[in-house]
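Note: hydrogens, waters and symmetry copies are ignored here, and every other heavy atom, side chains too, is used.
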Amino acid sequence: MTPATDPYVTGSIVAASLAPHAADSFDPVLRRLLLGQQFFVKLPDGRWKPQGCQLGGCCCFEFSELKDPVERQQH
């Protein structure tokens, strides 16, 4: 398996869902919320955070954990 290459710049927003293993360590209720499709924002350190997430650093993910990311078009 080839590792995913992240082509996005800091601040990019993509629509994606998480790979199931990415949320394994979370509470079952939070896990259900995280596994649905949502928007993720790329942080300066290269990790991805759900847009509007108030959970801080505990809820950041690697690009390889995002399933089928599609860049959100800015208008």
Side-chain angles (χ1 to χ4, degrees):
M1 180 180 231
T2 306
T5 302
D6 185 346
Y8 300 103
V9 298
T10 298
S12 293
I13 300 172
V14 299
S17 52
L18 287 175
H21 73 275
D24 282 348
S25 65
F26 292 100
D27 173 87
V29 173
L30 183 56
R31 189 178 316 134
R32 273 196 305 271
L33 293 172
L34 288 171
L35 290 179
Q37 188 172 37
Q38 57 191 303
F39 291 115
F40 290 86
V41 179
K42 186 170 184 179
L43 301 176
D45 66 3
R47 295 180 302 156
W48 290 83
K49 178 179 172 182
Q51 187 176 30
C53 181
Q54 301 302 315
L55 299 174
C58 71
C59 197
C60 294
F61 304 95
E62 299 298 323
F63 183 72
S64 61
E65 296 173 312
L66 303 181
K67 288 176 45 179
D68 304 319
V70 176
E71 189 166 18
R72 183 172 128 185
Q73 299 301 314
Q74 303 293 327
H75 296 285

Heavy-atom pair of closest approach, residues [X] and [Y]:
X	Y	answer
Pro50	Cys59	CD-O, 3.1 Å
Asp6	Gly46	OD2-O, 4.1 Å
Asp24	Arg31	O-NH2, 3.4 Å

Test side-chain contact (heavy atoms from CB on, under 4.5 Å) applied to Gln37 and Lys67, step by step: CA-CA 9 Å; Gln37 188 172 37; Lys67 288 176 45 179; over 6 Å; no
Among Tyr8, Phe40, Phe39, whose ring-ring contact (aromatic ring centres under 6.0 Å, His included) with Trp48 holds? Tyr8
Euclidean distance, Ile13 CD1 relative to Gln38 CD, rounded to 0.5 Å: 12.5 Å
Would a 4.5 Å heavy-atom cut-off, applied to side chains only, mark Leu18 and Leu66 as touching? yes
